[in-house]
Each structure stands twice: as C-alpha cells, then as structure tokens.
Amino acid sequence: SSSSGGVTTRGENRPPAMASAWATAMNNLGIMPVGISGQQLVSDSLCIQRFDPALGLIAPINPMMAGISLVPPPPVPPDMPVIKEIIHCKSCTLFPQNPNLPPPSTRERPPGCKTVFVGGLPENATEEIIREVFDQCGEITAIRKSKKNFCHIRFSEEFMVDKALYLSGYRMRIGSSTDKKDSGRIHVDFAQARDDLYEWECKQRLLAREERHRRKVHEARLRPPSPPPIVHYSEHEATLLAERLKDDHKFNEATAVLFTWIDRGEVNRRTANHFYSMIQSANSHVRRLMSEKAQHDEEMERAKEAFKNALLAILTQCKECSLFQTCPDVSMATEILCVKLFHR
C-alpha cells in the first residue's frame, strides 16, 4: 500500500471481506483481479474458464500515488478495460465505476486550462472534503462551490487538471453512511475560466515578444556592416584628402570621400579651386596606374612568349631522344639526327 496527503490507495492489503467481494465482482466480469504489485487475488481454480492467465494483466498505474511522474503510461489496448483502485480518504471513500462502461466524456480542452468542473457531488459534501479529495492532484488555488451539487476547482498548473480528470466517474461516499445525501457519482470536466484564458494570452504575448526579439537579433547579426560615415567638407579636411589621394594605400578611401562631397553639392565658387586640384591629383594618379598596368601587361606577354619557346625546345629534345632510342642501329640514328639538324 502507498499513501500521499492523507489518501491511501490499497491493493492487496485491503480487508479480507472487501478484497473478496471486489475480486469476485471483477472475476464475474471476466477480468482477472490483480493487486498493485501484480499478484493474483483469486486462485486459478476460481478463475473463469475464458480468461487466459498467460495474458499477464497488469493493473494500471494510479496517478494519485506518491512519486508518480508526468510521463504518460504506455497506451492501453482498446479491448482491455482499465481497472481503477478504490481510493480511501480520511472523510470519504471513492469507488471506481464498472470498467466495462465507457469512460466519462469531456468537452474540448480550452487553451491554458487550469480549472475543472466537478459535478455530481454528494449534497453533504463540504469544501474541506472536496479539498481533501482533489488536493492529491496538485496545489489548489481556489474552490468555488455552488449551493447545488457542483463546484469549480482551480489548480496552479495545467498538468494537474489531467490528474483531476482521472477521478471522473468515481462514486464518492462520505464516511460509511448509506444516505443518498452522502453519496454521489462525480463528473470532472474541463472548465472555461476567464482567469485561465487571460494568463494563457499573457503567456502567448510574452512568447511572441521573445520570438520577435530573437528574430530581430538574428537579422541584425546577418545584416552587413554599415559603411563608415563620411566627414563633412572643410578646408582642413580638403588638405588632408589631397595628401591621401597621393598615397597608393589610401587612394580608394580618398576617392570615396571626394565623390561623396561632390554628390552632397559641396562644390561652389569658394571651393572650386580645392576640388579642381583634388580631381587633377586623382586623374594623374589614375593615369600613372594605367601606364603601370600597360607596362606590366607587356612584361606578361614577353614572359608568356619566353615560356612558350622554352617549352617547345624541351618538347623537341624529348622527341629526338625517343627517336634515338627506338632505332636499332646507332649510326643510322646519328645520321637521321644530323639530317634533321642540317635542315633546321
């Protein structure tokens, strides 16, 4: 047996009379009654003939047990009914419904749902009893109980709603009373609460803002760097620019500044002489670069011609050497070589 929050889920350690009645009922329904640890509660001689013990029916995990994880259990085959345990609380007892009956229906889950609707409560069920039953599902933030047999319970996290839905279909009996006001079949379903919707919308807006920020940072990282700013025209800057136009390493940056000043309309009667001298300096630098380029092109052509002649000479010598080696008579090869040299 295991206990959590004053709630005890009993399998094989239930009282003998209760275990016998429960095992007999499950056996009559064609379901092998087993405990939490998997041991058989009814001997093979009492089992019905149509049950195959080799199937090894395992009792499903009770999500109300202490230490249960949030990982969902493996799916149960549709033809295998789910057997729920009897849940004993301090003030009441919860009896599961017939496993052959269809599971209780639920509405579509609202976004961010943390609130459940609980109907079918006993008339004498108090808020303390309701909290005692559903406190095992998780932290309860609010309980709104109606004068009738239903209430709304709001949890602190969304996954706690799934645990509360497990209790849907259970019959609650307060104490050991047989009065109708102390018994009722509870139905747990999703509830549409404005607080849940508001918190969910706030969370979605926060996620959207974070996504926009990440996208903006990513785009800024991929954007090419901006060019350096161009200084404004002044006589001092014009003098410095004229010196940079004469430097081979700073000529490209200097021409960019000169073109920007011209585009900005800095040329007027007062600055015309400065711009004329700078343009003349840039023009002379370009002419010098073009003459150097032509000179280098001529040197490249001469180098290509020299390489071509040297390669032809090497190929000619290779052919003559191969001809000398293939001739059987050395004198004949020498004569042929002399003839070739004479005709050359």
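This is a predicted model, so every value here is computed, not measured.
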### Task
Could you go through the side chain to side chain contact (heavy atoms under 4.5 Å, CB included) check for His285 and Lys246 one step at a time?
CA-CA 7 Å; His285 188 86; Lys246 300 175 183 179; 6.0 Å; no
Pairwise distance [atom1]([X]) to [atom2]([Y]) - rounded to 0.5 angstrom:
| X | Y | atom1 | atom2 | value |
| --- | --- | --- | --- | --- |
| Asn283 | Ile279 | CG | CD1 | 9.0 Å |
| Glu157 | Cys137 | CD | SG | 14.0 Å |
| His218 | Leu222 | NE2 | CG | 4.0 Å |
| Tyr233 | Glu237 | OH | CD | 10.5 Å |
| Met172 | Cys89 | CE | SG | 7.5 Å |

### Verdict with reasoning, Arg173 to Asp179, per salt bridge (Lys or Arg N to Asp or Glu O under 4.0 Å)
CA-CA 9 Å; Arg173 187 176 67 184; Asp179 191 359; over 6 Å; no
Within the distance-only criterion (no hydrogens, no angle test), does the side chain of [X] pair as donor or acceptor with the backbone N or O of [Y] below 3.5 angstrom?
| X | Y | answer |
| --- | --- | --- |
| Ser284 | Ser281 | yes |
| Thr316 | Leu312 | yes |
| Thr271 | Asn268 | yes |

How close do [X] and [Y] get, counting heavy atoms only, and between which atoms?
| X | Y | answer |
| --- | --- | --- |
| Ser105 | His187 | O-CE1, 3.0 Å |
| Ala242 | Met278 | CB-CG, 4.3 Å |
| Gln97 | Pro104 | NE2-CD, 3.7 Å |
| Gly138 | Met160 | CA-SD, 3.5 Å |
| Ser156 | Lys114 | O-NZ, 3.5 Å |
| Gly169 | Arg185 | O-NH1, 2.8 Å |

When the side chains of residues 116-131 are checked against the rest of the protein, which donor-acceptor pairs come out under 3.5 Å, sequence neighbours left out?
from, atom 1, to, atom 2, distance (Å)
Asn124, ND2, Asp182, OD1, 2.5
Thr126, OG1, Glu128, OE1, 3.4
Thr126, OG1, Ile129, N, 3.4

Hey, does [Y] have a side-chain heavy atom less than 4.5 Å from the side chain of [X]?
| X | Y | result |
| --- | --- | --- |
| Gln204 | Arg209 | no |
| Cys151 | Arg144 | no |
| Glu158 | Arg109 | yes |
| Ile86 | Leu94 | no |
| Tyr170 | Tyr166 | yes |
| Leu289 | Glu292 | yes |
| Glu210 | Leu207 | yes |
| Ile87 | Leu167 | yes |

### Query
Arg154: what forms a salt bridge (Lys or Arg N to Asp or Glu O under 4.0 Å) with it, not counting sequence neighbours?
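Scan of Arg154 (salt bridge (Lys or Arg N to Asp or Glu O under 4.0 Å), adjacent residues dropped) gives Asp196, Glu199.
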Step through the shown structure and confirm whether more than 12 heavy atoms of other residues, nucleotides or ligands are within 6.0 Å of [atom1] on [X].
| X | atom1 | result |
| --- | --- | --- |
| Arg214 | CZ | yes |
| Arg205 | CZ | yes |
| Glu108 | CD | no |

### Message
Is there a salt bridge (Lys or Arg N to Asp or Glu O under 4.0 Å) between Arg288 and Asp248? Walk through the geometry before answering.
### Response
CA-CA 11 Å; Arg288 182 175 62 84; Asp248 294 341; 2.8 Å; yes
### Task
Just do the side chain to side chain contact (heavy atoms under 4.5 Å, CB included) check on Arg194 and Tyr198 with the steps written out, would you?
CA-CA 6 Å; Arg194 288 178 293 180; Tyr198 175 74; over 6 Å; no
### Message
Hydrophobic cluster membership, with links at side-chain heavy-atom distances under 4.5 Å among I/L/V/M/F/W/Y: are Val267 and Tyr276 in one?
### Response
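No: no chain of side-chain contacts under 4.5 Å links Val267 to Tyr276.
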### Query
If you link I, L, V, M, F, W and Y whenever their side-chain heavy atoms are under 4.5 Å apart, who else ends up in the same group as Leu206?
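Once heavy-atom contacts under 4.5 Å are chained together, Leu206 still belongs with nothing else.
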### Task
Share the residues that join Leu197 in a hydrophobic cluster, the rule being Ile, Leu, Val, Met, Phe, Trp or Tyr side chains under 4.5 Å apart at the heavy-atom level.
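For the cluster that includes Leu197, the remaining residues are Trp200.
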### Query
Are Thr141 and Phe155 close enough, and set up right, to give a side chain to side chain contact (heavy atoms under 4.5 Å, CB included), and what steps lead you there?
CA-CA 5 Å; Thr141 59; Phe155 296 95; 6.0 Å; no
### Query
Do Asp189 and Ser168 pass the side chain to side chain contact (heavy atoms under 4.5 Å, CB included) test, and can you show the C-alpha distance, the side-chain angles, and the key distance before you say yes or no?
CA-CA 8 Å; Asp189 198 355; Ser168 184; over 6 Å; no
Ignoring hydrogens and angles, write down the donor-acceptor pairs under 3.5 Å from the side chains of residues 301-310, residues two or more places apart or on other chains.
from, atom 1, to, atom 2, distance (Å)
Asn309, ND2, Glu305, O, 3.3

Acceptor/donor pairs from residues 253-266 side chains to any protein atom, 3.5 angstrom cut, sequence neighbours excluded:
from, atom 1, to, atom 2, distance (Å)
Thr255, OG1, Phe251, O, 3.1
Thr255, OG1, Asn252, O, 2.7
Thr260, OG1, Ala256, O, 2.8
Trp261, NE1, Val231, O, 2.8
Arg264, NH1, Val231, O, 3.4
Arg264, NH2, Ile230, O, 3.4

### Query
Do the rings of Phe150 and His152 sit parallel, tilted or perpendicular, given the 30° and 60° boundaries?
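The rings of Phe150 and His152 stand perpendicular, inter-plane angle above 60°.
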